[in-house]
Every structure is written in structure tokens, then in C-alpha cells.
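Please read through the structure below; I'll follow up with questions.
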Amino acid sequence: MPDSLVNRLATWYAGEKHRYEFRLERNPYRTWITEIFLQQTQIAAGKDKLKTFLKRFPDVKALAKGPVEDVLAAFQGMGYYSRARNMHRAAVEIVKKYKANVPVVYADLVKIPGIGHYTAAIVASIHGGEKILALDANHARVLSRLYTIGAAQGGQAFREAAVRAAAPLFETKMPAGDVNEALMQWGQTICKKKPLCDKCFAADFCAAFAAGRQADFPRKAERAEALEILWLMLVHRKGNKYQVFANTGKFPFLAGELMFPSYTVLPETRSKKAAAETLMLPEKIPAALIRKSLAKAQNLPADFRHTITRYKIAVKMMFTDTSQPGGKFLTPAELKDKCHSSLMQKAIRRLDKLEF
DNA sequence: AAGGCGGGGCT
DNA sequence: AGCCCAGCCTT
């Protein structure tokens, strides 16, 4: 076997391939669920919950049957709960449209809720043999260093350069799925943020290593500055139940979640040139109530803090005698079940500490 | 193209 | 205790 990058990769991967339990018994359904689970999640953190999930929902029909509350419950603690909602929606769609067979064609996969370029590419390459780069952060680290790709990660120029750089790997005998998985595992175990170049089987192929510039790749786009905001929650209690509303309006965070009526002021940002914008939930919290509560809240320490992307949020909870039309009344136990966001979970834990 | 979504690892 | 991570979605 002549010495080449792909031969080094294939030889290394042959010894690594079965390192993970989820690679032993494979089908398109299991691969799809596994990839969704392990997105934005370290393998060590997600694999136990993944195992339980696959036992509870062993195939696409079981997942479609749900109910979605069970899917969410089995996903509790993983974060990014739209992944669970989308998986359930997708399962229903796959049962109906594809007779309960998870597609293995990229063009079909990428149209399914919750499946984007990466997941479609990895499933299509493993189970359909499609020669298509599944570009995740691991692939980005490996390829950008091997070929000193200078474009900022995440942009279109980076994607094009990465696809061009990886193309020769797919024109070999190495199965397309193995190419994608080997690159990924390389990024996870060797070509990490702090790369282990002395353990790397291909350091002599690496342009960044040759230049001593491993730390310069992948280049990151400039980060938006962090912003401090106040989030006022108006809590109305009746007996042992609290009024919550589905956030289906214009409130900027936690779309679709059940929430206490909330009010926040977003500061002016570079992208939104308009002056500070006021948003509220439900549609019409009386302005007088907001003013009164806000004036009181300004002088109180935050009940808790929470960060969502670049917003550093100080949440202040205020009891109010005024109930709003609509919504529903739930006990704390029910709230713990039905509110998935960690921000709301923090608020729920504070309820018995609040005073009227 | 920009920005929400969140728990965990790292410093 | 605070910063960083990064697919998929919506806007």
C-alpha cells in the first residue's frame, strides 16, 4: 500500500472503528438518532441517555407513536429541546411518507425536520454510500489545519474550501461513511482544540504543523459582544397553582415554551439599529403594571442569572395579584414537567422562596 | 447572514 | 465563576 493520507487514515481508523458501542449495531434509524443526540454534546455526556432513548424508542414507528411528551422526557437534560420535538415530527413524517423507512439519500434526508447538512450527509454516506463531506466542527479542525484553510469557519468560503480539500479522500477505496467518521474521530481524539500532534498519524501531511501554526486554525469569525439584560417575570398564583402562557408571540427567547408572563428590554445592537425594543408576553400586560413592577424590580437583586447565547440575563421575579386572560394554571410539579428550558426550571425552583 | 438554543468541559 | 463550544432553525 503506497504511503498517502488516505492510507494512513484508513489504517488508523481500522484500529479505532469499534471504539464506540453505538457503532456496533447500526441502521439508518439508529445512526440518525445517535447523530442528533451527539450534536453539541460530548460522547461521554450523551451516551447513557442515548442508550435509554433507543431502548424506549427502538424504531421509527415507536418514535412516531410518541407521545411527544415522552420523547421530551427521554431527552430531558440534553438541552436544545427543539431537537426532541423535531425528531418526533420527523418520525411521523417518515412513517407517512417513506413507509417507516428512514431515507438514506441526502436530498430526501435534508428535507426532514431537524436534519440539516451534517446529519443528512453522515447518514447518506454511512448507509447510502454517498460521497459527500459531513462537515462538523471536527472535520473543520482537521481539514483547516491539514490545508491551512484561512476562511472563517462557518462561512460559505470555508465550506467550499473544506469540500475541495476532502474531495480526494472520497475518490479512494475507503467507504464514504468511513471517511466521514474517521475524520470526525480524528478531530475528537487527536486534532482537538489543543492538538496532540505528537500522537498524530499524519503530522507530516499537515500544512499547519509544518508552519507551527496549528493554533491559528480553524479561524473563527468575530464574536458578537455580550449584552446585559433585565428580564422581569410576573408570577400570578391561585391556590397552589401558577399561571403560565405558551410563548407563541413575539417574545425573543424560548419560542414555544410555557412561561410566566415576561417582560424584557433588548439593548440596541449593531445589527438592529433601532432603539431599544420592548417586548412582552402575553400580548398585553397592562403598561401600568409593567411600570410599577419594573420600578420595584430595579432596586432588587436578581433572583437568578442565566445566559442565552450572548445575552447575560438578570431575571427578577415579581408576584402580581393581576391575572391575565388565557393561559393555564399548573402546580409546581406540573411546571417542572412541562417547562423544559433551564431558565424556567431555575424560576420554578425559586417559587417557594418568593414572598408575596 | 445573523442570532436563538443550553448543558458540560476547560481555565 | 466565567468563557467557550457549534448543528439546525427562524428571521
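Hydrogens, waters and symmetry mates are skipped; everything else that's a heavy atom, side chains included, is used. Throughout, protein chains are lettered first and strands after them, A, B, ... in sequence-line order, and every chain is numbered starting at 1.
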Side chains of A:Tyr106 and A:His117: do they bring a donor and an acceptor to under 3.5 Å? yes
For A:Lys238 and A:Gln243, which I'm curious about, is there any donor-acceptor pair between the side chains at under 3.5 Å? no
Protein-nucleotides 2-5 of chain C N/O pairs under 3.5 Å:
from	atom 1	to	atom 2	distance (Å)
C:dC3	OP2	A:Lys312	NZ	2.9
C:dC5	OP2	A:Arg223	NH2	2.3

Looking at B:dG6, B:dG4, C:dG7, which one has an atom nearest to any side-chain atom of A:Phe253? B:dG4
Should the pair A:Arg350-A:Asp303 be classified as a salt bridge under the 4.0 Å nitrogen-to-oxygen rule? yes
Give the rounded distance in Å between these two atoms: CG of A:Leu227 and C1' of B:dG3. 11 Å
Pairwise P distance for B:dG8 and C:dC9, with rounding to whole Å: 23 Å
C:dC8 and B:dG9: how far apart are their P atoms, nearest whole angstrom? 22 Å
Just checking A:Thr307: base, sugar-phosphate only, or nothing, at a heavy-atom cut-off of under 4.0 Å? nothing
Take the protein atom CG of A:Leu133 and the nucleotide atom P of C:dG7, then report the distance between them rounded to whole Å. 12 Å
Whole-Å distance separating the OH atom of A:Tyr106 from the P atom of C:dG7: 13 Å
Return the 5'-most residue of the pair A:Tyr80, A:Asn86 with respect to DNA chain C, ranking by each residue's nearest nucleotide. A:Tyr80
Would you mind checking if A:Asp204 and A:Arg8 are paired as a salt bridge, meaning a charged N to carboxylate O distance below 4.0 Å? yes
Ring centres of A:Phe329 and A:Tyr242 under 6.0 Å apart? no
Whole Å only: how far is the CE atom of A:Met344 from the C1' atom of B:dG6? 16 Å
Within less than 4.0 Å of OP1 or OP2 of B:dG6, is there a side-chain N or O belonging to A:Ser342? no
Can you tell me the distance, in whole Å, between the OH atom of A:Tyr311 and the C1' atom of B:dG6? 16 Å
Could you check how far CZ of A:Phe37 sits from P of C:dA6, rounded to whole Å? 20 Å
With a 3.5 Å cut-off and heavy atoms only, can you find an N or O donor on one side and an acceptor on the other between the side chain of A:Tyr118 and the base of C:dG7? no
What contact category does A:Ile36 fall into here, base, sugar-phosphate, or nothing, at under 4.0 angstrom with non-hydrogen atoms? nothing
Give every pair of a protein N or O atom and an N or O atom of nucleotides 8-11 of chain B that lie under 3.5 Å apart, one pair per line with the distance.
from	atom 1	to	atom 2	distance (Å)
B:dT11	OP1	A:Lys194	NZ	3.4

Whole-Å distance between C:dC8 P and A:Lys111 NZ? 17 Å
Separation of C:dA6 atom P from A:Leu135 atom CG, nearest Å, is 11 Å
Whether the A:Thr322 and A:His236 side chains hold a donor-acceptor pair (N or O, under 3.5 Å, no angle test) is what I'd like checked. no
Could you say whether A:Gly155 or A:Glu257 is positioned toward the 5' end of DNA chain B, judged by the nucleotide with the nearest heavy atom to each? A:Gly155
Both distances under 3.5 Å, Watson-Crick or G-U wobble: report the partner of C:dT11, or none. B:dA1
Kindly determine whether A:Phe260 and A:Phe245 satisfy side chain to side chain contact (heavy atoms under 4.5 Å, CB included), including the steps that lead there. CA-CA 6 Å; A:Phe260 297 122; A:Phe245 293 82; over 6 Å; no
If you count every heavy atom of other residues, nucleotides or ligands that lies below 6.0 Å from A:Lys338 atom NZ, does the total exceed 12? no
In a check of side-chain contact (heavy atoms from CB on, under 4.5 Å) between A:Phe217 and each of A:Gln214, A:Arg213, A:Lys220, which one passes? A:Arg213
Is the phosphate of C:dA6 approached by A:Gln39 (side-chain N or O, under 4.0 Å from OP1 or OP2)? no
Starting the side chain at C-beta, find the nucleotide from C:dC8, B:dG4, B:dG7 nearest to A:Tyr81. B:dG7
With rounding to whole Å, what would you report as the distance between B:dT11 and C:dA6 at their P atoms? 14 Å
Charged N-O contact under 4.0 Å between A:Glu25 and A:Lys51: no
Hphob cluster co-occupancy, A:Tyr98 + A:Ile115, side-chain heavy atoms under 4.5 angstrom: yes
